[in-house]
Amino acid sequence: SLAGGARRGKDPIAPMSSAQSNGNFDDKLDAAWNLLADGDVQGARRAATRLEADDPESPDVLLLKAACAREAGEHDEALALLAQAAEADP
């Protein structure tokens, strides 16, 4: 699996409140990576969109979005997202 630790059955796209901990964000990020590892590119993309709403500058979310784009054959988009991730976390 691309990201360990997440259990199946969690809802990776449920909205998070601003009061929720970073641990919850990390759990949702792990769950999104697991969706991608299981071949659910669209599910991982939906999860990434929710995570991005909570932290638009997260390099981890940008990396997830890049991996989704790569899996979908969108190589130019994947490279652009990787560049954004690198800029966000030099």
Side-chain angles (χ1 to χ4, degrees):
S1 121
L2 294 173
R7 292 184 299 275
R8 298 288 290 163
K10 285 188 174 182
D11 181 1
I13 60 172
M16 297 187 331
S17 73
S18 59
Q20 290 177 305
S21 71
N22 194 35
N24 195 5
F25 181 88
D26 291 342
D27 290 345
K28 289 183 182 299
L29 184 63
D30 286 347
W33 277 107
N34 283 338
L35 287 170
L36 186 61
D38 289 344
D40 186 357
V41 177
Q42 292 306 314
R45 279 186 156 164
R46 286 190 302 271
T49 298
R50 289 288 189 162
L51 289 163
E52 187 176 40
D54 290 323
D55 189 355
E57 302 300 319
S58 170
D60 294 321
V61 174
L62 291 167
L63 184 59
L64 172 62
K65 289 178 65 175
C68 290
R70 181 199 65 215
E71 288 300 311
E74 300 165 0
H75 302 287
D76 291 340
E77 178 70 9
L79 290 172
L81 288 162
L82 286 173
Q84 289 177 359
E87 287 178 21
D89 189 18

Exercise. Of V41, D40, L35, which is the lone residue that meets side chain to side chain contact (heavy atoms under 4.5 Å, CB included) with C68?
Worked result: V41
For this session: Not counting sequence neighbours, which residues clear salt bridge (charged side-chain N to carboxylate O under 4.0 Å, His left out) with E87? List them please.
Result: none
Exercise. Taking side chain as C-beta onward, heavy atoms only, is V61 less than 4.5 Å from F25?
Worked result: yes
Problem set entry | Non-neighbouring partners of E74 that pass salt bridge (charged side-chain N to carboxylate O under 4.0 Å, His left out), sequence neighbours left out | R45
For this session: Kindly give the heavy-atom pair with the smallest separation between A47 and A32, and that separation in Å.
Result: CB-CB, 3.5 Å
Exercise. With sequence neighbours left out, what residues match A85 under side-chain contact (heavy atoms from CB on, under 4.5 Å)?
Worked result: L62
For this session: Find the distance between CG (D60) and NZ (K65) and round it off to the nearest 0.5 Å.
Result: 13.5 Å
Exercise. Looking at CG of N34 and CG of L29, how far apart are the two atoms once the value is rounded to the nearest 0.5 Å?
Worked result: 10.0 Å
Problem set entry | Nearest-0.5 Å distance that lies between atom CG in L81 and atom CZ in R70 | 12.0 Å
Exercise. With sequence neighbours left out, what residues match E77 under side chain to side chain donor-acceptor pair (under 3.5 Å)?
Worked result: none
Problem set entry | Approximate separation, where rounding is to 0.5 Å, of Q84 CD and E57 CD | 9.0 Å
